[in-house]
> 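Take a look at the following structure, please.
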2 protein chains.
Amino acid sequence: MINQKNIKKKGRPKTIDLEKIKNVAMSTYWSDGPTNVSLNEICNKAKISKPGFYREFGGEDGLMKSVLLLYKNSLIQQILNILQLEKTFDETLDLLISYVIGNRDKEHIKNGCLLAKFRQSRSKFGKKTQEQIDIILKERHLVFELWIKKVKSKGEFSCSLSSKVVANYIISQLDYAVSGLANGEKNSNIKNILTLALSVLRT
Amino acid sequence: MINQKNIKKKGRPKTIDLEKIKNVAMSTYWSDGPTNVSLNEICNKAKISKPGFYREFGGEDGLMKSVLLLYKNSLIQQILNILQLEKTFDETLDLLISYVIGNRDKEHIKNGCLLAKFRQSRSKFGKKTQEQIDIILKERHLVFELWIKKVKSKGEFSCSLSSKVVANYIISQLDYAVSGLANGEKNSNIKNILTLALSVLRT
DNA sequence: AGATTATAGTACCAATCAGTATCTTATTAT
DNA sequence: ATAATAAGATACTGATTGGTACTATAATCT
């Protein structure tokens with residue numbers, strides 16, 4: 001049962017470009033907000049027919065779940081990768097700050113975090129979308145928590161607070177910095193706030 | 001030219017209840033998000049006709065500006081009043097924390113800050129609404145900044161950072177706490193984060 | 001009483017929405 | 001060749017949107 005793509009299947013061959021649809025949907029949800037985008041708009045932009053869309057995704061819920069997975073694998077993973085570089089605790093904090101403040105393209109900066117936008121309107125979405133939001137949030141928290149535990153065991157960081165709380169604190173501050181930039185706050189202001197907030201964790 | 005209400009005016013007397021419309025609009029924008037509410041919905045809930053609404057408010061832009069003013073006078077003012085109590089710096093921080101974490105009714109907690117919601121979608125609104133968002137943000141910042149300057153001059157707080165930056169920091173942390181609660185984060189988590197973040201300012 | 005004025009509200013408009021019935025087209029199976 | 005299968009795409013449905021023409025109503029003014 002090898003999942004071969006050239007296997008001969010009955011019926012008219014598929015020409016629909018799923019990746020294109022997901023990319024169009026992601027960028028539109030990102031710039032306009034997930035609650036402010038219609039399926040008609042996405043279908044028009046992606047140049048597909050609505051019945052085709054419904055065949056592939058079932059509806060908005062399926063599309064949003066797919067978009068969240070795409071966002072996690074392409075964007076959120078970049079933050080998580082910083083934690084795997086085996087730098088010291090303080091160096092890692094610096095890397096996180098500079099990634100959030102300046103290392104992303106302007107479009108991303110002014111759009112903020114797509115996951116945060118989904119989270120803010122969580123109750124408005126379908127079941128699969130809500131579940132996917134929760135899964136990604138949990139995953140992100142877990143990776144941060146494991147990283148904190150590791151730097152604690154290495155002796156690079158000691159704190160009376162639990163790793164859970166510290167992970168939550170760092171994620172919150174990074175999230176806030178991203179949304180502050182998206183709200184038009186000056187780069188330097190956000191950098192000051194983020195640096196000050198994370199300074200309580202440094203030795 | 002006394003602004004007498006019983007002055008006899010020509011034409012059919014007004015029966016429309018402007019306060020009711022503003023209150024209906026505010027609570028609906030608050031719970032559903034300002035970009036997810038239609039004028040039809042507001043008119044139906046407030047039991048007024050659409051032509052009547054357009055006569056009074058001109059359109060969505062005018063209504064939103066009125067709602068923002070109402071929100072500022074009824075809710076944002078409560079936070080600002082805490083700064084006028086002439087308590088010490090540390091006591092005032094404690095009061096701010098407990099106001100945000102626990103002293104508001106459950107509906108408000110789960111809805112977050114209406115001003116923050118407007119701010120997040122600022123570019124989607126009309127000119128008057130955008131201007132009003134900016135005015136309220138500026139006012140809020142100014143009140144915090146003046147308070148910081150006062151406690152600095154009293155010698156209750158000293159810090160190498162400018163009053164502007166400190167004011168911005170405190171507002172940001174309070175904003176984040178409110179939105180964290182609205183996102184369903186546990187009360188105790190948010191209290192930990194906020195307390196930790198503000199601890200850098202304490203002596 | 002009749003003219004004037006201003007508000008209330010019905011009922012409409014074109015545009016857009018989510019979702020689908022239906023028909024066409026392109027391929028494989030027999 | 002013909003049947004079976006599956007995808008593409010037009011074109012529709014009923015509901016809702018922002019916005020308004022128009023009419024009915026209730027008051028004052030002359």
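Naming convention: chains lettered A, B, ... in sequence-line order (proteins, then strands); numbering from 1 in each chain. Bear in mind the structure is a predicted one, so any value in this text is a computation, not a measurement.
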> Taking protein heavy atoms under 4.0 Å as touching, what does nucleotides 22-30 of chain C look like 5' to 3' if B marks base contact, S marks sugar-phosphate-only contact and - marks none?
---BBBSS-
> Could you give all pairs that pass the salt bridge (charged side-chain N to carboxylate O under 4.0 Å, His left out) test and reach residues 171-195 of chain B, with sequence neighbours left out?
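Qualifying pairs: A/Arg119-B/Glu185, B/Arg140-B/Asp175.
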> Any side-chain N or O of A/Ser38 under 4.0 Å from OP1/OP2 of C/dT16?
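Answer is no, no contact under 4.0 Å.
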> Does A/Asn40 place a side-chain N or O at less than 4.0 Å from the phosphate oxygens OP1/OP2 of C/dC17?
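Looking at the OP1 and OP2 atoms of C/dC17, one of them is under 4.0 Å from a side-chain N or O of A/Asn40.
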> Between A/Val100 and A/Leu181, what is the shortest heavy-atom contact and its length?
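So the minimum-distance heavy-atom pair works out to O-CD1, 3.6 Å.
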> Between A/Ser49 and D/dG8, does any side-chain N or O lie under 4.0 Å from OP1 or OP2?
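For D/dG8, OP1/OP2 do not have a side-chain N/O of A/Ser49 under 4.0 Å.
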> Measure CG/B/Asn44 against C1'/D/dT17 and give the value in whole Å, please.
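Rounded to the whole Å, the gap is 12 Å.
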> Please report the distance, rounded to the nearest Å, between CG in B/Asn36 and C1' in D/dT16.
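Answer to the nearest Å: 15 Å.
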> Just how far, in rounded Å, is P of C/dA8 from CG of B/Leu18?
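Rounding to the nearest Å, CG of B/Leu18 and P of C/dA8 are 9 Å apart.
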> Rounded to the nearest angstrom, tell me the gap between atom NZ in B/Lys45 and atom C1' in D/dT17.
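So the two atoms are 16 Å apart, to the nearest Å.
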> Looking across every strand, which nucleic acid part, if any, lies under 4.0 Å from B/Ile16 by heavy atom: base, sugar-phosphate, or nothing?
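Sugar-phosphate contact only.
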> Rounded to whole angstrom units, what separation is found between the NZ atom of A/Lys124 and the C1' atom of C/dC17?
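These atoms are roughly 17 Å apart.
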> Say whether A/Asn111 and A/Ser31, considering side chains only, have a donor N or O and an acceptor N or O under 3.5 Å apart.
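Absent: no donor and acceptor within the cut-off.
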> Tell me, do B/Phe57 and B/Ile21 make a side-chain contact under 4.5 Å, heavy atoms counted?
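In short, these two side chains touch, coming nearer than 4.5 Å.
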> Take atom NZ of A/Lys47 and atom C1' of D/dT10, then tell me their distance rounded to the nearest Å.
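Result: 18 Å.
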> B/Phe57 has an atom CZ; how far is it from atom C1' of D/dG18, in whole Å?
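Those two atoms, CZ and C1', are 17 Å apart.
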> Return yes if a side-chain donor-acceptor contact under 3.5 Å exists between B/Gln77 and B/Asn81, otherwise no.
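Judged by distance alone, the side chains do pair up.
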> Looking at A/Glu156 and A/Phe89, would you say the former's side chain and the latter's main chain have a donor-acceptor pair under 3.5 Å?
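Checking the backbone N and O of A/Phe89 against the side chain of A/Glu156, a donor-acceptor pair under 3.5 Å is found.
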> Return the value, rounded to whole Å, for the distance between atom CD of A/Glu56 and atom C1' of D/dG8.
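Taking CD of A/Glu56 and C1' of D/dG8, I get 11 Å after rounding.
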> Show every ring-ring contact (aromatic ring centres under 6.0 Å, His included) that has at least one partner inside residues 62-84 of chain A, sequence neighbours left out.
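For residues 62-84 of chain A, and leaving out neighbouring residues, the ring-ring contact (aromatic ring centres under 6.0 Å, His included) pairs sorted by first residue read A/Trp30-A/Tyr71.
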> Side chain of A/Lys50, heavy atoms from C-beta onward: which of D/dG18, C/dT20, D/dG8 has the nearest atom to it?
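Per side-chain heavy atoms of A/Lys50, the pick is C/dT20.
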